Amino acid sequence: MSLATKYNPSDIEDKWYKHWMEQKFFASKPDPKKEPYTIVIPPPNVTGVLHMGHMMNNTIQDVLIRRARMQGKEACWVPGMDHASIATEAKVVNMLKEKGINKNEITRDEFMKHAWEWKEKYGGIILQQLKKLGASCDWDRERFTMEEDMSAAVIEVFVDLHKKGYIYRGTRMVNWDPEGQTALADDEVNFKEVQGKMYHIRYQIEGSDDHLIIATTRPETIMADAAICINPNDERFTHLKGKKAIIPLINKAIPIIEDDYVDMEFGTGCLKVTPAHDINDHEIGLRHNLEVIDIIADNGKLNDKAQILVGEDRFVARKKIAKLLKEKDQLEKEEDYTNNVGHSERTNAVIEPKLSTQWFVKMEELVKPAYENVMNDNIKLIPPKFKNTYKHWMENVRDWCISRQLWWGQRIPAYFLPDGDFVVAQNDEEALQLAKEKTGNQDLKADDLKQDEDVLDTWFSSWLWPISVFDGFKDPDNEDFNYYYPTNDLVTGPDILFFWVARMIIAGYEFKGELPFKNVYLTGIVRDDKGRKMSKQLGNSPDALGLIDKHGADGVRVGLLFSAAAGNDLLFEEKLCEQGWNFGNKIWNAYRLVEGLEVKEKDTPIEAMKARDWFEARFQDALREINDHFSKFRISDALMTTYKLIWDDFCSYYLELVKPPYGEAIDKETYEATITFFEDILTILHPFMPFLTEEIWHQITDRGDKDCVIVNHWPIEKDYDQAILHDAKTAFELVSQIRNIRASKGISPKEALTLHVKTKSEMIYQEYISVIDKLANIEELAFTTEKIDQAVSFFIGSDECFIPMEGTIDVEKEKEEIQKELDYNKGFLKSVKKKLENERFVSNAPAQVVEMEKKKQADAEAKIKTLEDSLANLG
RNA sequence: GGGGAUAUAGCUCAGUUGGUUUAGAGCACCUGCCUUACAAGCAGGGGGUCGUAGGUUCGAAUCCUACUAUCCCCA
């Protein structure tokens, strides 16, 4: 059976994924004889589809988990999803709307039934997509943050924190989404530049004909004004101090107060203070004890406190107010104004700052161990530059608003008594019991208690993820939890360092007294070639599955990893995936060469013996480097070292050296060594390119179902011959030089050449002549103590080499080249001499460094001398 | 407004406690090759004085200061 000349990933990828699943290679169970290696997936949003960022960070996780598995660890990668309250609820509401059902007209239970149906039907596409990428998760362990046990953990934690006094109710200016009818976290708000208007409104001063002018983008909120604020240093308004201003249209007098907050440069220097509808105004209000008048209802319409335009939408009201003001001649002017307006990430509605009662977690105490254990590197952030960011956040941590006005999520386990007091309990019965104790009223019934309508923030589930996926709350002493927790590495994006990572660390210490993971690898953010973050709005994100179809999963994985230094954003170019495929194709063809060889019992040629010895050492050399890169999470570098080992060393040198002349057979010994090397290479490449390596692994020979590269053992580091690497490097450099001469002189590789060498150590040349011959077609090697006339010359270290070339030498060009090299060496010598002539260098620098400089000087001087001689010889 | 990060070849990045040459890699580029595994390939080559200005040091891409530019986070 002959192999296709081009590697076609789609022929094999599904086949091997299925095989791995059937053989249960991804499955893990506690094995005390083995060291556990655990990763929990950053749970993707249940509504999500695979995008570049997911591919990036899941590829990294897969590389880590596959390598750990090959190293003989009990590798466990737990997959799963979070329930994404807001996004999912929005999807379900839309779905219902299409069916003609209004969320407000159905019960909570009915809604939840629809939501679960939606989840079962449409949720979790992303996990199927991860399989295409090759993700070797233990799918039997898949978890979901809304499933029963995980939810129970969330409730348990809420109750526990409440008991400890960390949970409180508070009034807070929240980002209110009037369309989604919920408060949003800051990170769920997108700021967009919006073309609006700045309205200049005239407020009359009480008891005078004088007036002041305020500039605002939100005239519809004037009815909620509690004061006018001026800067105490603003001399323009000294005369207004202590007076009152009258709100137009409703003719209400409000005080004129003074506060440094007011920017004298901005607007008119007079600020209307609306404590209920602006976060900064709210703070001013607190400082000056101002009345809070909330005139906007939850649905974004003006309520009766507004007195006028009651029931109008805020944007409609804005226009109408402007018109009314104009009619009363109280609108000084309108001008165009661009400002940054927050929009809901989910519904795209303009965010309304709104005062509301929410549930909060007090963070100051909780944060302490999480702070310390990152600062002292018990938990390592990779790259460490994120420690600074983390530190800053932890030192300025704010309380965490955990309530969301939604149904899809864990309902807050707080039960309100008729008098407005409340109890917090795991369930209805417990709540009733507590309520009875609290009130002393034994006649209370379940119906008298009303559970809080809100649910908990999704992060309040996912911060427990590393613990709850192993049922560490439900059953704290279970075998899985004891074995797999704490987990090893967490791979995620820096954008959720606070929202998720920091909170998991907090939860780890608070609930288990221990770190949840040892290393946090923060990947870069995938951007497009213009440096823009990939987003749905911009439509600049390539179709992830389309990329896999086009370049193969292995190609995409390699393409992503090529430019993925930890913590550095990567500018994604599809070309990189193509390069990934090219690499696969290269290996495919290397295998085609090996597979097509005819094997015979015969003597091994010297160059093949050399090649074997060299590659064995070279492989070990690279293996050490790769392991070192992995130990430092330099995944991209580990891949690049592997890439060069395979492409440059194995294909370009090793295979070229052992390849028999056309039509001849290869000796058995070399063939077998080559197959072994090939298997070694497939093994270390497997984490990066799982599909291709598995396919070739099975092409090599008929193997049993269990004999797969995915479970092959990662190579052991062995001692190796350093000298052979050094010598071979010299020989390859010589080969390169000879090829260079052929290229520049237009000499065909088929034309054999003679090589003369002027050297003190002839050994290396003698040993490697067959290698040099095979790669550079040198039929004769001679040693000389004199210059060779009519020859091109070049240096290998301080050895001078000559290739006679009668009649073909262009003397002028030759002189030019020698002169160029001479100039370089002279310049170099000068810099070395400068150092050595500096007494302070010689006396202060380590002896080793001085020694090195002296050697450099001697080498350079010798080289300069021979170059000058050559120049003289050429006349 | 507060905090953080980054600046090295055309592009994307390495450069690990300051000293292995006058700074490396991949891609791109240029030249020559359809050599029988691979033209999505092979061989060879050019290209940067390390954002700017100072400082510390025998020695700075590397440490310090200021400036400039870009990005991120928080308000």
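A, B, ... follow the sequence lines: proteins, then strands. Residue 1 opens every chain. As the structure is a prediction and not an experimental result, all values here were calculated from the model.
- A:Ser748 comes within 4.0 angstrom of nothing in the nucleic acid, heavy atoms only.
- For the residue pair A:Gln737 / A:Glu733, no side-chain donor-acceptor distance below 3.5 Å is found, with atom types taken as modelled.
- Residue-level contact check: A:Asn582 touches the bases, meaning some heavy atom is under 4.0 Å from a base atom.
- Judged by distance alone, with hydrogens and angles left aside, the side-chain atoms of A:Trp588 form no donor-acceptor pair with the main-chain N or O of A:Leu692 at under 3.5 Å.
- Distance check on atom P: B:rU17 versus B:rC29 gives 36 Å, rounded to whole Å.
- When the side-chain nitrogen and oxygen atoms of A:Tyr643 are compared with OP1 and OP2 of B:rC27, one or more of them lie within a distance under 4.0 Å.
- Closest-nucleotide positions on RNA chain B for A:Lys632 and A:Asn388 were compared, and the one nearer the 5' end corresponds to A:Asn388.
- Separation of the P atoms belonging to B:rG3 and B:rA14 is 26 Å when rounded to the nearest angstrom.
- Below 30°, between 30° and 60°, or above 60°: for A:Trp581 and A:Tyr7 the angle between ring planes is below 30°, a parallel geometry.
- At a threshold of 4.0 angstrom between heavy atoms, the contacts of A:Trp581 include nucleobase atoms, whether or not backbone atoms are also involved.
- At the phosphate of B:rC72, neither OP1 nor OP2 sits under 4.0 Å from any side-chain N or O atom of A:Trp393.
- OP1 or OP2 of B:rG3 has not a single side-chain nitrogen or oxygen of A:Asn396 nearer than 4.0 Å.
- Note on A:Arg742: nothing from the nucleic acid sits closer than 4.0 angstrom, heavy atoms only.
- Applying the 4.0 Å criterion to OP1 and OP2 of B:rG44, one finds that A:Ser736 has a side-chain N or O inside that range.
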Under 3.5 Å, N/O pairs linking protein and nucleotides 34-37 of chain B:
residue, atom, partner, partner atom, Å
B:rA37, O2', A:Asn589, OD1, 2.6
B:rA37, O2', A:Arg592, NH1, 2.8
B:rA37, N6, A:Glu656, OE2, 3.0
B:rA37, N3, A:Asn589, O, 3.0
B:rA37, N3, A:Ala590, N, 3.2

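- Of the charged side-chain nitrogens involved, at least one lies within less than 4.0 Å of a carboxylate oxygen, so that A:Asp621 and A:Arg618 count as a salt-bridged pair.
- Position along RNA chain B of the nearest nucleotide to A:Ala743 versus A:Met852 favours A:Met852 as the more 5'-ward residue.
- Going from the C1' atom of B:rC27 to that of B:rU65 covers 37 Å, rounded to whole Å.
- In summary, the aromatic rings of A:Phe688 and A:Tyr643 are positioned with their centroids too far apart to meet the 6.0 Å limit.
- Under the 30°/60° scheme for interplanar angles, the aromatic rings of A:Phe650 and A:Phe615 are found to be tilted.
- Classified by interplanar angle (parallel below 30°, tilted 30° to 60°, perpendicular above 60°), the ring pair A:Trp459/A:Trp500 is tilted.
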